[in-house]
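Encoded as structure tokens, the structure appears first; notes follow it.
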Amino acid sequence: MNVVRSMGLAVLASLSLSGCQTSQSRQAELASICANPVNRQPGQFYFSECQAFAPSTSTQLQKDYRLGAPTGR
């Protein structure tokens with residue numbers, strides 16, 4: 001019975017630890033996501049996370065504004 005209990009606890013511990021994400025792996029994941037220029041555009045799902053990870057330069061923000069500005073037609 002103790003063996004079964006120990007095995008169950010070991011499985012439970014490994015499952016709970018597999019759901020954790022280290023900050024280092026999170027940074028690596030964000031780096032790959034934010035490397036895609038589409039994800040760095042305003043209005044995209046990852047925009048705010050990419051801005052927090054690596055803020056856009058003022059030149060990039062101006063370019064984004066010009067691309068998103070209405071044409072006046």
Side-chain angles (χ1 to χ4, degrees):
M1 188 69 165
N2 286 336
V3 173
V4 173
R5 185 177 296 162
S6 296
M7 296 271 300
L9 288 175
V11 169
L12 183 62
S14 66
L15 288 175
S16 65
L17 289 176
S18 68
C20 297
Q21 188 177 33
T22 65
S23 64
Q24 193 173 31
S25 67
R26 175 77 175 142
Q27 295 294 324
E29 184 180 4
L30 274 176
S32 100
I33 290 169
C34 296
N36 183 346
V38 172
N39 291 329
R40 297 195 58 88
Q41 298 299 314
Q44 295 297 320
F45 183 77
Y46 287 107
F47 178 74
S48 60
E49 286 186 81
C50 289
Q51 284 297 97
F53 176 70
S56 297
T57 63
S58 61
T59 304
Q60 183 61 43
L61 291 173
Q62 289 173 10
K63 180 182 173 190
D64 290 344
Y65 176 76
R66 283 194 311 272
L67 290 174
T71 59
R73 290 184 190 199

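- Partners of Gln44 by side chain to side chain donor-acceptor pair (under 3.5 Å), not counting sequence neighbours: none found.
- With hydrogens and angles disregarded, a donor-acceptor distance shorter than 3.5 Å links the side chain of Asn39 to the backbone of Ile33.
- Take Thr57 and apply the side-chain contact (heavy atoms from CB on, under 4.5 Å) test, not counting sequence neighbours, and it matches Thr59, Gln60.
- A donor-acceptor pair is defined here as one N or O able to donate and one able to accept, closer than 3.5 Å; such a pair exists between the side chain of Gln51 and the backbone of Ser56.
- Residue pairs meeting the salt bridge (Lys or Arg N to Asp or Glu O under 4.0 Å) criterion with at least one partner in residues 33-50, sequence neighbours excluded, are Arg26-Glu49.
- Few gaps surround CD on Gln27; more than 12 heavy atoms of other groups in view lie less than 6.0 Å from it.
- Here the CD-CZ distance, from Glu29 to Phe53, works out to 10.5 Å after rounding to the nearest 0.5 Å.
- Counting only residues at least two apart or on different chains, the disulfide bond (SG atoms under 2.5 Å apart) pairs with a member in residues 23-60 are Cys34-Cys50.
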